[in-house]
Structure formats: structure tokens, C-alpha cells
Protein chains: 4
Amino acid sequence: MSAGRGGGVRGTRLPRAVRERQMMDAAVHTFGRRGYRVASMEEIAGLAGVSKPLVYLYLNSKEELFTACVRREARALRASVRDSVDPRLPADRQLWAGLTAFFTHTAENPDGWAVLHRQARTHGEPFALEVAAMRDEMVARVASLIGAAAREAGTAGRTPELAARDMTGLAQALVGAAESLAGWRHEDGTVSARDAAATLMNFAWVGLGELLRGERWTAR
Amino acid sequence: MSAGRGGGVRGTRLPRAVRERQMMDAAVHTFGRRGYRVASMEEIAGLAGVSKPLVYLYLNSKEELFTACVRREARALRASVRDSVDPRLPADRQLWAGLTAFFTHTAENPDGWAVLHRQARTHGEPFALEVAAMRDEMVARVASLIGAAAREAGTAGRTPELAARDMTGLAQALVGAAESLAGWRHEDGTVSARDAAATLMNFAWVGLGELLRGERWTAR
Amino acid sequence: MSAGRGGGVRGTRLPRAVRERQMMDAAVHTFGRRGYRVASMEEIAGLAGVSKPLVYLYLNSKEELFTACVRREARALRASVRDSVDPRLPADRQLWAGLTAFFTHTAENPDGWAVLHRQARTHGEPFALEVAAMRDEMVARVASLIGAAAREAGTAGRTPELAARDMTGLAQALVGAAESLAGWRHEDGTVSARDAAATLMNFAWVGLGELLRGERWTAR
Amino acid sequence: MSAGRGGGVRGTRLPRAVRERQMMDAAVHTFGRRGYRVASMEEIAGLAGVSKPLVYLYLNSKEELFTACVRREARALRASVRDSVDPRLPADRQLWAGLTAFFTHTAENPDGWAVLHRQARTHGEPFALEVAAMRDEMVARVASLIGAAAREAGTAGRTPELAARDMTGLAQALVGAAESLAGWRHEDGTVSARDAAATLMNFAWVGLGELLRGERWTAR
DNA sequence: CATGAATGAGCTTTCATTCAT
DNA sequence: AATGAATGAAAGCTCATTCAT
């Protein structure tokens, strides 16, 4: 009943790590498109090319499987962004690099992004907390970039201070704007990651008021 | 060969319009907190103080009930924002008014906002389209405010023009930022609607760069 | 809220007998086409132009309503057949007249015939018995016609006797043949009541005639 | 957040083919006695000694289960009749054999016969068509036997011809008579299959014989 | 390593029936 | 004479989960 050729055929014996990856891929795909509740273990197992009990053997339960998906995708997104940012650059350059990486990664992993941004946040505490932590970390990172920019500008003493809370608010706004643009890109399809990042840098860094006066943010 | 017994005691025999409102309120509450799939009709009926069949009699099906919730909440949010904006004011003042109304309304109707922002967008085409239409309308409105601001600034000839697509991108960013701040307010609890609107006006209108130089957006 | 013109308008007050007739008509129509279980009281009440409670007030329950339908239609069919038969005629002429009336009546009252022949017999004892009684009566009537024919033929002594059971069997066959032809007519649509009756008389009576003369079919 | 517990005790872990048969048997029994709408999947599952979900796993839905029953019973009845008939025999002997087989089979499979004759025809298009096809086939077969008998009798030229429609009408009558006698046997209980077949052959064939010789019944 | 067989629990939906007016 | 308001009960179907092999 088993096939002699190996490779994707149902019943073929594969090392656990490989199987687990197949399952997670299938799960991210299915959860991302259908949603946590609508996706069934049957569907996921089928897409992974294994039987349901094997999924349970390796991943224990639907809840744990989904958690594993969320963690994996969160880790991957964080890594993409972190690896793209050189902390020795000025703050605005760091932000530019991070945003570009964010838009690139979400476009290349739409299902993973859907799991994080849409599904995990919608389906109750256990998952929402996981993803909230990641988002808070990003917000904090952006807030600290804003703080760094303030120091770079050397305006600390002369200008009304930006309280920590203000910076968090600004960072929240910036992250939300990025999420929104990621969705827009997804629908539109013709906007490159750099376009999106540029739009956001102009918006955030220069401000609409300046923009209208002809001011532009540039990478140099 | 006989069937249902019928005719219990629970109901206080109210006119249909009243009952329907109670049901919709219960549904928005439940859908907003538990999610479309997890919420059960039984739960909703119980919260509304009626039996399940009455919910079906008046609202037909879970899907229709949810659609009705989405429509009602979308209409309410739109009305709040629209009514707060005086179209004779300058663009930035209009935006300020709209944002304040948005933050106020979402804070006062957290369940309705959850239905629109989280649940409806997550649970498939029929609902997502409904809410996407409302959001697109808001984005278009913001984009046209940006266009109006450009004309007000009288910079049309001298400065690089903002293409329609650019304006849409900026508007998408601004709307996403607002959504994000609404969520932040919700968690934080100590940020007033005016604080949030001010943060966003500064962020968007003045730009981080200017902000750091001490520039501020003010209502005058 | 009530209309001033009377006649079919919901809410109009009509004498009980009239209302009851409307309800029965609607019920026969609905039961005949949709079946006892599928037909809902709501549907019947709607078709009759009244509210559900009124149906209950007059006819008590679905079961009683259906029983009333069965009785009414059985009575009508019996009456049609009985009234067409002149007991002073010879047996074959009586049968001919009865069959013609049967085919005419069932074609003119397809819903009633469906209630009797299809629905009542299919949906459990209480109704099936009712209709079985009517059918048995018809079978008995046909059997007695066969007996009469035997006496008319004056063959009682000379030929192998037709036992009562044989006559019942023959009558059962004849009645079944008539039911089958009624259905065939209904589908075909181009066969007149007289055609059907003639087909059956040829089939049955020519055969019976020989039978009565002592003819028998044998396996050799 | 966890759901079903699963994995009970009832099942004796049988191969699918066996279980499927048990379910079909239970379904035919239940549908035949209680009717399509009244029979519940729970009842059928219980009678088959399994849980409801297993019935759905194997047979998909109530409708498909019923269709499968109708098909199986139709196939079985057709096979019984077909296998009993030797096409090299004269027409009357073929009819005799077929009728005997029909009466035997329906008596041995009363539930299957009820499903075909009573339930399937009563419960809407999808099923009625299935069974109508089988019945039409039987009618056509009988009609062609009548045609063969006419040729055997060599009366083609001398006597008024029997048009195709006439033969269909006669076949309809004969099949209806057989159905009726099958029901009669079922109630009476003391009539053997051969008795019933003999009654019908006498009734039909002696009549047909005369018919083929040019005899006709007339209203005068 | 991997699967076929099996089920408890729960959900949406429908319907006959009744009460208060 | 007639109806709007309301519900208990049950049915079809799905799903996460487990046991035996």
C-alpha cells in the first residue's frame, strides 16, 4: 500500500522535523485563508498529506497547532525586520530599512501575515496575547527610534519634550499606518515595498503640512 | 405524533421593534467579544432575554443577524463622523473634527467597533465587503481632504504634485494610524479622544521631523 | 388595519364555515403537493389567508387537520363514484360507469387524490387506516360486482366456482390497475377518462368474461 | 476552548464495507417503516449499532443515504425479476415467472418494497425520479411481452392492432395490479407468491388472450 | 512512523403549538 | 372573530479528539 518512490506520497515515512514543517505550512495556509474556527484539522491534515492522528501526535491539539503557527510566523517576521536594520545608522535610516523589510516580508508571506494580523488577534486571549507581545515590541522599537532621533536632533533642551507616552502614541500610529499600507498593497498589487515605505516615511517623517510645501523625505 | 409544546413564560410580550433592538444589541455585544463563529445563537438569545426561535423569526439566520449588526454599526460610525464635520472649515480642521468624533465613537461603542474592525474583516467575503466599503469611503474622504489642503496651500503649481495614488496611500496610512490609536486607547484607558486626535494630527500634519524641531499643530 | 372591501383580505371577518373551507382547501393543496411532514401549518395558514392560531382554533392540530382533509377527499371521491353508478344496470355497465367517474374525479382533484393515494397511505396508522377503509370498501364493491356478473352469466353451477377470496384478489387487482392508470393519465396528460376506463374494461372484463366461462390460465 | 472528547466504546471496530452494509440495512428498515421524514439519523445509527457521525462519515447525508437505499433496493428487485425470467420461453411463461419473482421478492423484502413503492414515490423529485425510472422500465418490459404475445398469436393481420400506446396502457394496468396484489398479500399473509401470480395471470392473460383474438368490451 | 475506525458534544435551524389581547 | 408574540423540543450536520493496530 505504500509507494516505493518516496516524496509526498501518503504513508511515506519521513523524519519528524520534515513532517512537522509540512503540517505547519499547511496549517498556516489554512488558518490564514479560512480562519481559526473554520479551518478543520481534517483539512489541514489533508493538505499536509498525512492523517489526522499524526497531526495530533506531533502538535497535540488545534489550539497548540495554532499557537505554534503564530509563534513561527511572529519569529520569522521579527527576524526579517531585525536583520535588515543596521543599528549604527541614523534613526530615520533604520526606520526606512525596517519598514522596507516589513512590507517585503508581509507581501512574501501573506498567509503568515494573515495569521498574525487578522486571525490571531481575533480569536481570543491565548493567541492575541502572543501577537500583542510582538506588536508591542515593534512599537517600543519604533518609539525608541523616535527618541534617538530627538537626541540626534540635539533638541532635547530647547523644545517642548516628547514624553514617553507621546512617543508611544506616535509609534502606535506609525505601526498602524504600516499595517494599513500592507493591506492596501495586498489588495492593490501594484505598489512595491519601497513605494509603501517611501509613502510612510514621507507621511511620518516630513508630515503632510511640509509635504504640501514641497518638502520630501529622501534616503539621503 | 404530536410535537413541540410551545408557549412558555419567559417573554414579557414586547412589540417587535423593541425586541429586535434588544437582539441586535445582544448580538453586537456577543459577536464583538466572542467572535462570529464562537458566538452562539443561544448565547445571543439568552442575553437578549428571549428564546432562540424568536431570534430566527425576526432576524432569519446567524449570517443575516451578523450582517445586520455590521450594517447598523457601520451606519452609526459613519453618522457620528459625518455629523461632526463642518465642510465649510479648512481641511485640517475638518480632519481634526472627524478624528475626534471617530475616537469618541469607537470608545463609546467598543463592541460595535470590534464587530467592524476585527470580526467582520476576519470572517469572510459577505461581511468583509460590507465593511471594506465603509473603510474605502473613509479613505476616499481623507484623500479628498488632503487634496483640498493642497489647493488651500495654493502650492499646486510650484511643488511636485501629489498624484491621486499618493493621496490614497497617505490616506490609507492615516486611517490605519487612527485605527491603531483607537486600539491603543482601548487598552490604555487613560488617553482621551482629544489626546489621540492631537497625537495623530501632529504626527500626520506636522511630521516627525518638524515635531522634533519643536513645531506643533494647533487648532488655530 | 383592516380593509373595508372584504373578500380575501387578511383580517376580514367571515363566517366559520367559509373560513374552514378556505383552510381545508389550502391544506389539501399543500399536503398533496408537499407531503404531510414537509407542509407547515404556517404555509397552510398563509395560503388560506389567515393566521396560524385561527387554524388551530378551528381545526385543533396538524393531525386533525390532515385527518379532516383525508375524510373530506375520501367522501368526495366516494360520492362521485357512487352517484355515477345506477345499481339497476348490469354489472359490467356499473363497473364502466364507476371507473369513468373515478378517472374523472381524480383528474379533476389531483391534490385530493394525492392526499388519499400518496400521502395518507405513507404517513402512519391514523391516516392510513382511514384511507384503507375507503379502499377496502371499493374493493368489496368491485368484488360484489364480479359476483353479480357470475350470477348474471348463470354459470354458477357449471363452472369451477370463484371463491370469495378469488373475487377479492381479482378486485384488488382491478383497483390497483385503476390507480396505476390514474397516475399514468396524470403524467401523460393526453389520455381521457373514457380512454382509461376503456383500456381497463378491455383488460379486465374481457378477461373476467372468459374466467367466468371456466377458462383458466395454466403454467402449461 | 477545547471541544469534543471523542473515542467512545460502542464500536467493535469493523471494516468499512461491513459497517456500511449494517447502516444501509438499518436505514431501509427505518425508512420503510417510519418514512423518510420521520426516520431520524439517530434512530438509524442506533439500529445499526453505531453513532451518528459514523453514518455521516460513510453516507454523507440523509438524502444521500436514502438515495443509496432506493438504488440498492431497486437494483435488488430488478435483479430478482430479471434473473427469474428465461427470455427463450413464450411470453406468458415469461410473465408468469416475472410475477412470481416479483411477489416473492417483495414479500421477502417488505421494508425495501415499502421504501420503493411508498416512501420514494412520496418524498419529492430526487427520489421519485429514481424509482419512476425503474417502474417505467418494468412497464416497458411488460408492454414488450404483450407485443411478443401478439406476434406469437400470429394475429397481427387479422385483428384490430394494438397500438403502442394501448400496450403501454395495458402494461400500466398490469403493473398496478401487481403492486396492489403485493400489498394485499402483505396484509392478508396467507396468499402465496404463486397464488398471487396465478390470480393475476388469470385476470390479465385470459383477458389479453381474448383481446388478441379481436375481442373487445363495448359500452353496448 | 502512521492510519482507519469511531464518538461526545455542540451548533444552526425548523416547527407545532400556545398565550394575551 | 382573529392575531402578534413567544417557546419547547427535536433534527441534521460538523468537528476535535482518541483508540487499536
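Proteins get letters first, then strands, A, B, ... in listed order; numbering begins at 1 in each.
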(Q) Quick check for you: to the nearest 0.5 Å, what is the distance between D:Met24 atom CE and D:Arg72 atom CZ? (A) 4.5 Å
Q.
Rounded to whole Å, please give me the gap between CD in B:Glu43 and C1' in E:dT12.
A. 14 Å
Q) In whole Å, what is the span from the CG atom of B:Leu65 to the P atom of E:dC11? A) 16 Å
Q.
Rounded to whole Å, please give me the gap between CE in C:Met23 and C1' in E:dA16.
A. 16 Å
**Q.** Value in whole Å for how far the C1' atom of F:dA1 lies from CD of C:Glu20
**A.** 13 Å
Q) Toward the 5' end of DNA chain F, which comes first, D:Glu63 or C:Tyr58, by nearest nucleotide? A) C:Tyr58
Q: With a 3.5 angstrom cut-off on both distances, give the Watson-Crick or G-U wobble partner of F:dA16, or none if there isn't one.
A: E:dT7
(Q) Tell me whether C:Lys62 forms a cation-pi arrangement with C:Tyr56, defined as NZ or CZ under 6.0 Å from the six-membered ring centre and within 45 degrees of its axis. (A) no
Q: Report the distance from atom CG of B:Leu59 to atom P of E:dT14, rounded to the nearest whole Å.
A: 13 Å
Q. Hey, does the side chain of A:Arg19 come within less than 4.0 Å of E:dC1's phosphate (OP1/OP2), counting only N and O?
A. no
Q: Check A:Arg121 against A:Val131 and note the closest heavy-atom contact, atom names and distance.
A: CG-CG1, 3.5 Å
Q.
Heavy atoms from C-beta onward define the side chain here; which of F:dA5, F:dG12, F:dA16 lies closest to that of D:Met41?
A. F:dG12
Q: Check whether any side-chain nitrogen or oxygen of D:Tyr56 sits under 4.0 Å from OP1 or OP2 of F:dC15, and answer yes or no.
A: no
Q) Expressed in angstrom and rounded to an integer, what is the separation of B:Ile44 atom CD1 from E:dC11 atom P? A) 11 Å
Q.
Please determine whether any donor N or O and acceptor N or O are separated by less than 3.5 Å between the side chain of B:Arg13 and the base of E:dC19.
A. yes
**Q.** Pair B:Asp111 + B:Arg34, salt bridge at N-O below 4.0 Å
**A.** no
(Q) If you assign B:Arg37 and C:Pro53 each to the DNA chain E nucleotide with the nearest heavy atom, which residue ends up on the more 5' nucleotide? (A) B:Arg37
Q.
Checking contacts here: which listed nucleotide (F:dT7, E:dT12, F:dA1) is nearest the side-chain heavy atoms of B:Val50?
A. F:dT7
Q.
Any non-hydrogen side-chain atom of B:Phe66 less than 4.5 Å from a side-chain atom of B:Gln119?
A. yes
Q: Could you say whether D:Leu54 or B:Lys62 is positioned toward the 5' end of DNA chain E, judged by the nucleotide with the nearest heavy atom to each?
A: D:Leu54
Q | Earlier contact from the 5' end, DNA chain F, for D:Tyr36 and A:Ala39 | A | D:Tyr36
Q: With a 3.5 angstrom cut-off on both distances, give the Watson-Crick or G-U wobble partner of F:dT21, or none if there isn't one.
A: E:dA2
Q. Taking atom P of E:dT13 as reference, at what distance in whole Å does atom CG of B:Asn60 sit?
A. 10 Å
Q: Quickly, which of D:Trp113, D:Phe127, D:Tyr36 forms a ring-ring contact (aromatic ring centres under 6.0 Å, His included) with D:Phe31? Name it, please.
A: D:Tyr36
(Q) What is the distance, to the nearest angstrom, from the CG atom on A:Leu57 to the C1' atom on F:dA20? (A) 14 Å
Q: Indicate whether OP1 or OP2 belonging to E:dA6 is found under 4.0 Å from a side-chain N or O atom of D:Arg16.
A: no
Q: Go through the N and O atoms of the side chain of A:Lys52 and the base of F:dT17, and report whether any donor-acceptor pair is under 3.5 Å.
A: yes
